[in-house]
Amino acid sequence: MKAPPEAHPPLPAALAALTGQGVAAIDTPAAVIDLDAMERNLARMAAFARTHGVRLRPHAKMHKSAFLARLQMQAGAVGVCVQKTSEAEALSAAGVTDIYISNQVIDPAKLRRVAALAQRLQAAGGRLAIAVDSLEGIARLAAAVESHTTSGQALLDVFVEIDIGQGRCGVPPGEAAVTLAQAIAAQPVLRFAGLQAYHGRAQHLRGVDERREAIARAARAVQDTRARIEAAGLAVPLVTGAGTGTFALETASGAWDELQAGSYLFMDADYAANAHDPAQPAFEHALFIKSQVISVNAAHAVCDAGHKSHAIDSGLPRVHALPGQGALSFANGGDEHGILHSVAGDGKLAGATGPALPALGDVIWLIPGHCDPTVNLHDHLIGVRGGLEHGTVERVIRVDARGALT
Ligand SMILES: Cc1ncc(COP(=O)(O)O)c(C=O)c1O
């Protein structure tokens with residue numbers, strides 16, 4: 001007889017043996033988490049939410065890990081967001097019980113999986129929520145849930161997604177959202193939970209003033225939509241949204257009740273290029289790609305991490321110089337290689353008289369441009385305690401929802 005699949009297959013032996021060893025034992029390229037920096041980010045975000053009386057539901061599409069989701073919930077998060085049905089299934093299978101799919105699901109077969117998961121989570125004392133942006137989507141969701149509920153009672157919370165500037169999913173703020181809220185409320189098996197309002201484009205506007213203006217406009221749209229739904233006789237229990245670039249602005253506006261920021265935990269190079277808003281905590285880089293120099297010539301060195309190790313949609317990684325190391329720039333060397341040049345004090349590429357290139361075998365730490373798609377390239381994240389230079393591997397973190405794209 002065939003053995004049933006294990007929810008948690010054992011770690012490969014080489015990875016299991018890493019725990020307790022120094023960073024030098026980590027083979028390259030590898031995704032490494034500086035656990036001390038990550039825990040400071042975790043605590044700063046949790047403290048922000050607590051102090052400002054706003055709920056925190058971090059986006060787990062960033063780390064795709066049940067261990068990290070549970071850590072966030074232990075620190076005060078009410079649950080996590082995901083973007084895909086299969087991400088929700090993977091995290092739930094690994095023990096996460098409060099999950100919000102902050103996205104549209106329209107395929108009937110997938111909606112039946114959503115309904116089945118909602119039932120499993122509810123039976124386990126947890127909950128599932130989802131967003132919608134069409135009457136057709138609501139009808140399909142209701143049909144899927146009806147086929148799964150025996151009691152006829154609501155199985156999941158449903159948010160109406162409004163487009164507040166992202167130009168992606170969502171109906172325009174205002175009357176279109178009222179129509180959808182009423183359509184949800186008319187379905188006995190669904191519960192109208194409020195508004196999904198996420199302004200993705202505002203997250204990476206570099207200037208604080210630009211971000212402030214974008215979120216001020218979005219807040220007016222949210223408040224107007226909320227007032228219209230309430231005028232139609234429906235309570236709006238919650239407005240949820242916001243990301244790492246703007247969450248202090250959504251919070252200050254008073255229009256949002258729940259924050260969905262995700263990247264704050266690892267903090268990538270692209271977010272670090274935003275001008276810092278003093279109203280929000282400063283976050284540290286916690287996700288690194290450990291890489292090794294495999295070739296050196298007169299002009300450059302080559303490391304063993306290319307864009308199969310890190311995403312490049314938001315720019316190439318930055319090289320993280322450890323104390324005593326010279327500055328290096330990273331150029332695209334393709335799938336498996338990175339080209340390193342040394343950088344002079346004036347920021348220009350150094351010539352023959354500039355700082356020396358790293359030597360064969362030297363370790364290079366990269367800060368990825370975009371954390372979410374970088375994590376999705378790795379099965380495991382190696383958690384290091386005590387710093388990148390002299391630290392020790394404390395735990396290997398499974399990327400439970402790696403490749404969960406459906
Ligand atoms: C719907 C939604 N909410 C929240 C976030 C979190 O943003 P970040 O990881 O940039 O903090 C994202 C990211 O793309 C998103 O798509």
Side-chain angles (χ1 to χ4, degrees), residues 38 41-42 44-46 48-49 54-65 68-69 72 77-85 87-88 91 99-105 129-133 158-171 193-206 211 214-215 218 222 238-251 255-274 276-277 280-287 311 313-315 368-376 401 404-405:
M38 184 195 79
N41 292 343
L42 179 84
R44 285 174 191 150
M45 189 69 192
F48 178 93
V54 67
R55 289 158 53 112
L56 178 60
R57 180 179 286 280
H59 220 300
K61 79 186 179 74
M62 194 285 284
H63 54 65
K64 288 174 168 275
S65 147
L68 294 176
Q72 289 173 313
V78 295
V80 292
C81 300
V82 296
Q83 213 72 317
K84 295 301 184 94
T85 305
E87 272 179 330
L91 293 190
I99 304 175
Y100 168 39
I101 305 172
S102 60
N103 197 7
Q104 311 301 312
V105 178
I130 193 166
V132 295
D133 74 352
V158 185
F159 289 85
V160 170
E161 180 165 4
I162 55 174
D163 181 3
I164 52 167
Q166 166 109 5
R168 195 169 64 181
C169 299
V171 291
L195 295 173
Q196 162 70 20
Y198 173 67
H199 196 331
R201 282 195 192 169
Q203 303 308 313
H204 304 277
L205 295 173
R206 294 299 181 218
R211 297 201 293 275
I215 297 304
V222 166
L238 199 80
V239 176
T240 180
T244 298
T246 63
F247 66 85
L249 298 166
E250 278 93 341
T251 304
W256 278 262
D257 310 292
E258 186 177 270
L259 307 177
Q260 299 176 356
S263 300
Y264 73 91
L265 196 64
F266 289 174
M267 206 42 202
D268 53 37
D270 190 43
Y271 261 131
N274 275 7
H276 178 64
D277 178 354
Q280 73 177 49
F283 299 115
E284 302 168 47
H285 295 300
L287 168 67
D313 59 303
S314 300
H370 190 182
C371 45
D372 309 41
T374 296
V375 169
N376 193 50
L405 305 178

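Start at 1 and go down the list; that is how both ligands and their atoms are numbered.
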Per-residue contact class, [X] against ligand 1 - non-hydrogen pairs under 4.0 Å:
X      : value
Tyr264 : neither
Ala242 : backbone
Arg168 : side chain

For [X], counting its heavy atoms only, list the atoms of ligand 1 lying under 4.0 Å from any of them.
X      : value
Ser102 : 1 (C)
Gln196 : 1 (C)
Ala261 : 11 (O)
Gly243 : 7 (O), 11 (O)

Just to confirm my output: which protein heavy-atom neighbour is closest to [atom], and how far is it?
atom                    : result
atom 6 (C) of ligand 1  : Gln260 O, 3.5 Å
atom 10 (O) of ligand 1 : Tyr271 OH, 2.6 Å
atom 9 (O) of ligand 1  : Ser263 OG, 2.7 Å
atom 11 (O) of ligand 1 : Thr244 OG1, 2.6 Å
atom 15 (C) of ligand 1 : Tyr198 CE2, 3.3 Å

So [Y] and [X], do their side chains get closer than 4.5 Å, heavy atoms only?
X     : Y      : answer
Val78 : Arg57  : yes
Gln83 : Ser102 : yes
Leu56 : Gln260 : no
Met45 : Gln72  : no
His63 : Leu265 : yes

Any non-hydrogen atom of [X] lying under 4.0 Å from ligand 1?
X      : result
Gly200 : no
Met267 : no
Gly245 : no

Practice item. Kindly state whether the ring of Phe266 and the ring of Phe283 have centres lying under 6.0 angstrom apart. Key: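 No.
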
**Study point:** Aromatic ring proximity, centroids under 6.0 angstrom, Tyr100 and Phe159
**Key:**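 Phe159 vs Tyr100: aromatic centres under 6.0 Å.
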
Looking only at N/O atoms, are [X] and ligand 1 under 3.5 Å apart anywhere?
X     : value
Lys61 : yes
Met62 : no
Gln83 : yes

Practice item. Please determine if Lys61 and Asp372 form a salt bridge, counting it only when a charged side-chain N lies under 4.0 Å from a carboxylate O. Key: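 Result for this pair is yes, salt bridge flagged.
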
Review point. So, Glu284 and Arg44, do they make that salt bridge, N to O below 4.0 Å?
Key: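 Yes.
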
Check your understanding: What do the steps show when you test Glu87 against Lys64 for salt bridge (charged side-chain N to carboxylate O under 4.0 Å, His left out), and what is the final call?
Key -> CA-CA 7 Å; Glu87 272 179 330; Lys64 288 174 168 275; 3.0 Å; yes

Check your understanding: Going by atom types only, do Asp313 and His370 share a side-chain donor-acceptor pair under 3.5 Å?
Key ->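 The criterion, which ignores hydrogens and geometry beyond distance, is satisfied for His370 and Asp313.
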
